[in-house]
Amino acid sequence: MSEAPRISQPAPDPDDAFRDSRTKALISVNLNTFWSSAIILMSFSMWDAFVDPAHWRAAFTTRIIGTLIVIATGVFQKLPGRSHWMPRLAKVRLVIAVVTSLGAAAALHDGYGFGVAGLAVIILTGPYIAIDSRDLAVTNLAIVAALVPVMFAESLSRFDMIGTSVFVLLAIAVSTLLGRILETSNQRAFALDVELQREARTDALTGLSNRRAIQERGRVELKRARRSGAPVSLLLCDLDHFKHINDRHGHEAGDLALIKVAAVLGDALRESDALGRWGGEEFIAVLPATDAAGAADVAERVRHAIEHTTFDGLGEGTTISVGVTTMMVIEEPISAWDLLVKTADQHLYRAKAEGRNRVVSGSHPSSNT
Ligand code: GH3
Ligand code: MG
Ligand code: MG
């Protein structure tokens, strides 16, 4: 038997998984929003011209430079394979937009008085591009770090300096608050989504993978086996005369027996094997990197374990029949899976016909294991 390595996949850190999902959502929603930033940045030229017709052109130059940088970063993230840059570049754009607005305000007479409200509004968009509140804190720090030298370079009046600082700090405080609220609701939505996906793949009675999940896992293993050239085996297990157990002891006792069977099967398999409930009292085990002889051994271990299990409240045991098949995967995973299940089912049928509580193994005729 070719022993498969006991690789148990480490569970992803929930925080990393959340950040990952939030990053993907940001990329899918915000890949093109840099155009809006560019348009808003430029359209404020009209405001500049309105409040200070004499100096608006100087502000316009500043705005053009900022806007071109914003567009350049946006076009860069649209290049093939560059979309993962988007969340970082969105923060860079925010800092550029803040600095540009401040630069434009400086060019106008009394510009700070008019421009500082716009600055605060730009800062308030931070929570919508940040992955989480830590990310937002970094963005806000970057904004402050960029603003301080710009403000000193522009040798503002004391009034403008204090007024702008107060507005910026207030905006950052509100942005932090919004960021926290958004993060909490994003985390809650993520947790619900994870739970929903888990439920959609889990059999409610036994807690095993349900039919859809074991089929998906099976196909993944077949794909892997086609690449590696290792054989894959499948066990189709069906409890013997289970209808009698329900008839004699009631459906609830039958349910408890199924739960116990699932646990016994799980214990009899290796960590690298996949187990699922295929239907009522049928279970499927996928055994990666396992040849026919190895699979027959595992099936026999499973059969023996069930035969020697005591079921509380039943006062009797039950047995299981197992159809086993092994395949060197040549065809594509979907038809390979169907073929594997069909062949195992034929062997299971023979196991039942030959008296139950037994294992019938065999490779698919087209396979050479
Ligand atoms: P065989 O040895 O030929 O497999 O006989 P069997 O009685 O096990 O097979 P059959 O297919 O005739 O009956 C399967 C029974 O499994 C019928 C159904 O009552 C029972 N069953 C299927 N799902 C559940 C379930 O979720 N809970 C309980 N308690 N019983 C179930
Ligand atoms: Mg059945
Ligand atoms: Mg049965």
Side-chain angles (χ1 to χ4, degrees), residues 195-219 232-269 273-287 295-327 336-364:
E195 180 55 20
L196 210 66
Q197 284 188 32
R198 197 193 62 77
E199 273 179 22
R201 307 174 55 79
T202 306
D203 172 53
L205 180 68
T206 60
L208 296 181
S209 296
N210 63 15
R211 188 180 177 107
R212 183 207 301 190
I214 188 67
Q215 174 160 288
E216 273 174 23
R217 171 76 192 273
R219 287 174 180 164
V232 178
S233 294
L234 185 138
L235 272 49
L236 184 58
C237 313
D238 185 298
L239 289 167
D240 297 326
H241 297 307
F242 198 66
K243 198 169 171 318
H244 292 175
I245 290 188
N246 275 323
D247 291 348
R248 252 182 260 150
H249 304 281
H251 209 263
E252 239 171 71
D255 281 357
L256 291 176
L258 285 172
I259 294 169
K260 182 97 187 228
V261 165
V264 172
L265 293 181
D267 287 345
L269 298 171
D273 300 331
L275 177 65
R277 186 173 178 202
W278 190 240
E281 25 73 89
E282 290 180 21
F283 299 86
I284 274 190
V286 181
L287 317 182
D297 284 351
V298 175
E300 186 49 36
R301 195 160 75 218
V302 160
R303 189 205 61 74
H304 184 265
I306 296 291
E307 189 178 28
H308 292 90
T309 297
T310 315
F311 291 88
D312 298 336
L314 290 192
E316 61 181 301
T318 184
T319 57
I320 202 163
S321 298
V322 187
V324 185
T325 190
T326 303
M327 182 187 256
W337 172 259
D338 292 344
L339 191 63
L340 209 57
V341 173
K342 190 174 147 202
T343 314
D345 196 39
Q346 287 163 357
H347 294 153
L348 173 64
Y349 185 81
R350 259 184 53 210
K352 294 280 181 187
E354 288 172 10
R356 295 178 170 80
N357 189 22
R358 67 194 59 222
V359 173
V360 172
S361 312
S363 300
H364 182 265

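Predicted model, so just to flag it, every value in this text is computed and none were measured. Residues take their numbers from the sequence shown, with the count starting at 1. Counting convention: from 1, in listed order, for ligands and their atoms alike.
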- Query: Would Arg217 and Val286 count as a side chain to side chain contact (heavy atoms under 4.5 Å, CB included) if you check the C-alpha gap in whole Å, the side-chain angles of each, and the deciding distance to 0.1 Å?
  - Reply: CA-CA 8 Å; Arg217 171 76 192 273; Val286 181; 5.7 Å; no
- Message: For a quick check under 3.5 Å, do Asp238 and Ser321 share a side-chain donor-acceptor pair by atom type?
- Response: no
- Message: Please determine whether side chain to side chain contact (heavy atoms under 4.5 Å, CB included) holds for the pair Ile259 and Leu205, giving the CA-CA distance in whole Å, both sets of side-chain angles, and the decisive distance to 0.1 Å.
- Response: CA-CA 7 Å; Ile259 294 169; Leu205 180 68; 4.0 Å; yes
- Query: Can you list the steps and then say if Leu287 with Leu269 is a side chain to side chain contact (heavy atoms under 4.5 Å, CB included)?
  - Reply: CA-CA 9 Å; Leu287 317 182; Leu269 298 171; 4.0 Å; yes
- Query: Can you tell which of Asn357, Thr319, Thr318 makes a side-chain hydrogen bond (donor to acceptor under 3.5 Å, both in side chains) with Glu307?
  - Reply: Asn357
- Would you sort out whether Met327 and Thr343 count as a side chain to side chain contact (heavy atoms under 4.5 Å, CB included), showing the intermediate values? CA-CA 10 Å; Met327 182 187 256; Thr343 314; over 6 Å; no
- Task: Taking 2.8 Å as the upper limit, name the protein N, O or S atoms near the Mg ion (ligand 2).
- Result: Asp238 OD2, Glu281 OE2
- Any chance CZ of Arg212 has more than 12 other-residue heavy atoms, nucleotides or ligands included, within less than 6.0 Å? no
- Over 12 foreign heavy atoms within 6.0 Å of CD, Glu252: no
- Query: If you measure from NE2 on His249 to CG on Asp255, what distance do you get to the nearest 0.5 Å?
  - Reply: 14.0 Å
As a test of reading the model: which N/O atoms of the protein lie under 3.5 Å from N/O atoms of ligand 1, and at what distance?
| residue | atom | partner | partner atom | Å |
| --- | --- | --- | --- | --- |
| ligand 1 | 2 (O) | His241 | N | 2.8 |
| ligand 1 | 2 (O) | Lys352 | NZ | 3.0 |
| ligand 1 | 2 (O) | Arg356 | NE | 2.7 |
| ligand 1 | 3 (O) | Arg356 | NH2 | 2.9 |
| ligand 1 | 4 (O) | Asp238 | OD1 | 2.9 |
| ligand 1 | 4 (O) | Leu239 | O | 3.3 |
| ligand 1 | 4 (O) | Lys352 | NZ | 2.9 |
| ligand 1 | 5 (O) | His241 | N | 3.4 |
| ligand 1 | 7 (O) | Phe242 | N | 3.2 |
| ligand 1 | 7 (O) | Lys243 | N | 2.9 |
| ligand 1 | 8 (O) | Leu239 | O | 3.1 |
| ligand 1 | 8 (O) | Phe242 | N | 2.8 |
| ligand 1 | 8 (O) | Glu281 | OE1 | 2.9 |
| ligand 1 | 19 (O) | Asn246 | ND2 | 3.0 |
| ligand 1 | 26 (O) | Arg277 | NH2 | 2.7 |
| ligand 1 | 27 (N) | Asp255 | OD1 | 2.6 |
| ligand 1 | 29 (N) | Asn246 | OD1 | 2.8 |
| ligand 1 | 29 (N) | His251 | O | 3.0 |
| ligand 1 | 29 (N) | Asp255 | N | 3.3 |
| ligand 1 | 29 (N) | Asp255 | OD1 | 3.0 |
| ligand 1 | 30 (N) | Asn246 | ND2 | 2.7 |

